Amino acid sequence: MQRYLLRRLISLALSLLVASLVIFAVIEIVPGDPASYMLGLNAAPDTVAALKAELGLDAPAPLRYLTWVTGMVQGDFGLSYTYKVPVSQLVGQRMVVSLPLALYALALAVLIAFPAGLLAAARRGRVADAAVMGATQVGIALPNFWFAMLLVLAFALHWQIFPAGGFPGWSDPWAGLRALTLPAIALALPQAAILARVLRSALIDTLDQDYIRTARAKGLTRGQTILRHALRNAMIPVLTILGMQFSFLLAGAIIIENVFYLPGLGRLIFQAITQRDLIVVESVVMLLVFAVILVTFLTDLAYAAIDPRLRRRA
Amino acid sequence: MRLPLILGLVLSAAALIAAAVSLVWTPYDVTALAIAEKLKPPSAAHWLGTDHFGRDIGSMLMAGAQTSIAVALVAVGIGMGLGVPLGLFAAARRGSLADEVIMRGNDLIFAFPSLVIAILITAVFGPSALNAILAIGIFNIPVFARVTRGGALSLWTLDFIRAAEVAGKGRARISAEHILPNIANLLIVQGTIQFSLGILAEAGLSYVGLGAQPPTASWGRMLAEAQTMVTLAPHVAIFPGLAIVFTVLGLNLLGDGLRDHLDPRLRRAA
């Protein structure tokens with residue numbers, strides 16, 4: 001297990017290194033420099049030069065890369081060009097919206113997908129199975145931002161159960177949760193549809209195994225065999241999808257935040273693009289990619305915990 | 001043929017035909033503004049109503065189908081064009097350093113969701129439909145590379161490939177002449193799936209302003225514009241969404257149906 005962990009850690013560090021190089025290189029080729037952009041068209045050349053020096057933009061690219069990366073490792077993401085505050089502070093303020101939203105959606109997706117997938121697998125080929133599978137086909141085809149608009153129409157404007165947008169902050173946790181409920185449902189439903197399908201087919205695959213027949217032969221009911229034997233073995237493909245979904249949820253959250261006017265990372269990054277606040281774009285993108293790579297790493301560890309064979313093979 | 005496959009064919013064909021017809025004819029001019037006709041609900045003159053500029057929504061949906069299909073199709077082309085050769089190469093040199101580099105490179109691209117790629121490209125070049133194509137296309141590369149490698153690896157162990165090797169064919173020739181035709185079904189099915197995902201992604205990107213720019217008609221942007229008047233005229237938001245759902249649903253059903261149709265062994269688990 002230790003060797004496995006070490007191998008995975010090294011590959012994690014390598015991925016992060018290459019990802020940071022790619023992001024830095026892409027932002028590096030942006031035409032025009034932020035200093036002249038901030039000062040406008042009529043700025044005197046020496047004022048621009050002074051600002052460039054102040055922002056550290058006059059240093060050669062490799063040095064700037066090193067400053068950026070070592071800064072990030074220490075939690076220093078640089079200074080936003082437009083807001084004139086540390087990027088880490090901006091990100092921190094937005095993260096308390098985006099991260100709970102993604103986790104809320106993930107929890108909802110699991111809560112919807114597991115009963116649905118279990119039901120479909122247990123009633124394979126019957127009406128309940130066909131109904132669940134039909135519903136998941138529609139769920140997968142739903143663009144989450146459009147579904148979000150429909151939810152607002154129904155539950156915020158017509159029935160006024162949830163707010164249509166905005167975020168009151170976490171000082172009243174209940175109000176905060178209420179504001180994130182419709183966005184979370186909009187994000188969760190398409191993901192739940194995918195998860196339910198994967199769970200169903202994984203369960204059906206394991207239900208065909210000999211040891212399931214043995215379990216049935218020794219007198220367990222169909223429900224008991226599914227819950228005690230099949231579910232655990234069906235977890236590997238389900239975990240893979242769950243890990244991959246996290247990145248879709250993060251990306252989805254960025255879009256959904258626009259529907260509900262939530263002050264999250266998504267709004268931050270779109271404002272930063274229009275204002276050419278590249279240090280914010282660079283750091284937020286790196287953070288998102290870091291989150292995806294970290295989740296992949298954790299998923300790999302979870303496999304090893306569930307399936308001892310994978311530890312030995314690696 | 002089963003019902004889902006037929007339904008998938010019908011829905012996909014409807015979207016394709018709408019897009020093709022819009023090249024030469026739409027009921028109304030999609031660029032002409034008619035403010036007097038704005039936000040009209042569905043009627044005999046405008047079957048799907050009009051938007052805030054008085055444009056015919058049905059006509060805009062037809063023109064939007066063009067954008068969605070073009071973007072998703074080219075993105076699948078990029079993914080296949082680069083991903084399939086990479087996957088074939090990795091499988092032919094399985095276990096080598098090149099294989100390892102390709103697969104780790106794939107993992108790395110996977111860490112960049114297409115939205116994030118789009119954000120990066122837009123930050124550099126500004127928003128356009130081309131960005132959406134690139135972003136979705138780049139995201140498709142590792143998908144096809146992985147599917148190709150997986151399919152090819154299992155073929156390389158089979159006797160007829162061994163026989164071709166013994167007969168003196170090189171790895172590149174075997175990949176092209178024997179491996180590729182045998183994984184074509186796999187690629188067609190994956191292509192359909194990525195096509196439908198591409199349509200969803202294009203809608204999302206143009207919704208947040210990273211995709212097609214005015215005056216290009218786009219389903220995602222129609223929804224973005226509809227958002228502020230959804231209370232006044234729900235139809236401006238409902239029809240573009242339905243167009244996306246039906247097209248994506250159709251393509252998914254088509255993909256699933258094709259998979260079952262092309263490979264009866266898979267019918268059991270599907």
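In this text the structure is predicted, and so the values were computed from the model without any measurement. For the numbers below, each heavy atom of this structure counts, side chains included, while hydrogens, waters and symmetry mates do not. To find a chain, count down the sequence lines: A is the first, B the second, and so on, and within it residues start at 1.
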- Query: Between B/Gln227 and A/Val259, is there a donor-acceptor pair closer than 3.5 Å when you use the side chain of the first and the backbone of the second?
  - Reply: yes
When the 4.5 angstrom heavy-atom criterion is applied to A/Ile140 and chain B, the contacting part is both
For residues 63-73 of chain B against chain A, heavy atoms under 4.5 Å, the residues are none
Report yes or no: does A/Trp146 contribute a side-chain atom to a donor-acceptor pair with the main-chain N or O of B/Ile244 at less than 3.5 Å? no
So the side chain to side chain donor-acceptor pair (under 3.5 Å) pairs with at least one residue in residues 128-146 of chain B (sequence neighbours excluded) are B/Asp107-B/Arg146, B/Asn140-B/Gln194
dist A/Leu153:CG -> B/Ile238:CD1 (nearest 0.5 Å) comes out at 6.5 Å
Rounding to 0.5 Å, atoms CG (B/Leu108) and CD1 (A/Ile293) come to a distance of 6.0 Å
When B/Leu200, B/Val245, B/Val248 are each screened for side chain to side chain contact (heavy atoms under 4.5 Å, CB included) with A/Leu142, the one that passes is B/Val245
Comparing B/Ile121, B/Leu205, B/Val116, B/Leu223 against chain A, the one with the most heavy-atom pairs below 4.5 Å turns out to be B/Leu223
- Query: Checking side-chain contact (heavy atoms from CB on, under 4.5 Å) for the pair B/Leu120/A/Ile27: CA distance, chi angles, key distance, verdict?
  - Reply: CA-CA 7 Å; B/Leu120 272 178; A/Ile27 296 291; 3.9 Å; yes
Does CZ in A/Arg123 sit with more than 12 non-hydrogen atoms of other residues, nucleotides or ligands closer than 6.0 Å? no
The interface call for B/Leu242 against chain A, heavy-atom contacts under 4.5 Å, is both
Sorted by chain and number, sequence neighbours left out, ring-ring contact (aromatic ring centres under 6.0 Å, His included) with A/Phe297 holds for none
For A/Met149 and B/Ala237 the tightest heavy-atom approach is CE-CB, 3.8 Å
Residue from A/Glu282, A/His158, A/Gln137 scoring the most non-hydrogen pairs under 4.5 Å with chain B is A/Gln137
Q) Does A/Tyr65 OH have over 12 foreign heavy atoms under 6.0 Å away? A) yes
Rounded to the nearest 0.5 Å, the CG atom of B/Leu115 sits from the CD1 atom of A/Ile254 at a distance of 5.0 Å
Okay, A/Val281 and chain B: the region with an atom under 4.5 Å from a heavy atom over there is side chain
Sorted by chain and residue number, the side-chain hydrogen bond (donor to acceptor under 3.5 Å, both in side chains) partners of A/Asn144 (sequence neighbours excluded) come out as none
With chain B, the option among A/Leu14, A/Leu288, A/Ile23 that has the most non-hydrogen atom pairs under 4.5 Å is A/Ile23
Honestly, the part of A/Ser15 sitting under 4.5 Å from a heavy atom of chain B is both
When the 4.5 angstrom heavy-atom criterion is applied to A/Ile273 and chain B, the contacting part is side chain
- Hey, mind stepping through A/Phe270 and B/Leu210 against side-chain contact (heavy atoms from CB on, under 4.5 Å) and telling me if it holds? CA-CA 9 Å; A/Phe270 287 123; B/Leu210 300 182; 3.7 Å; yes
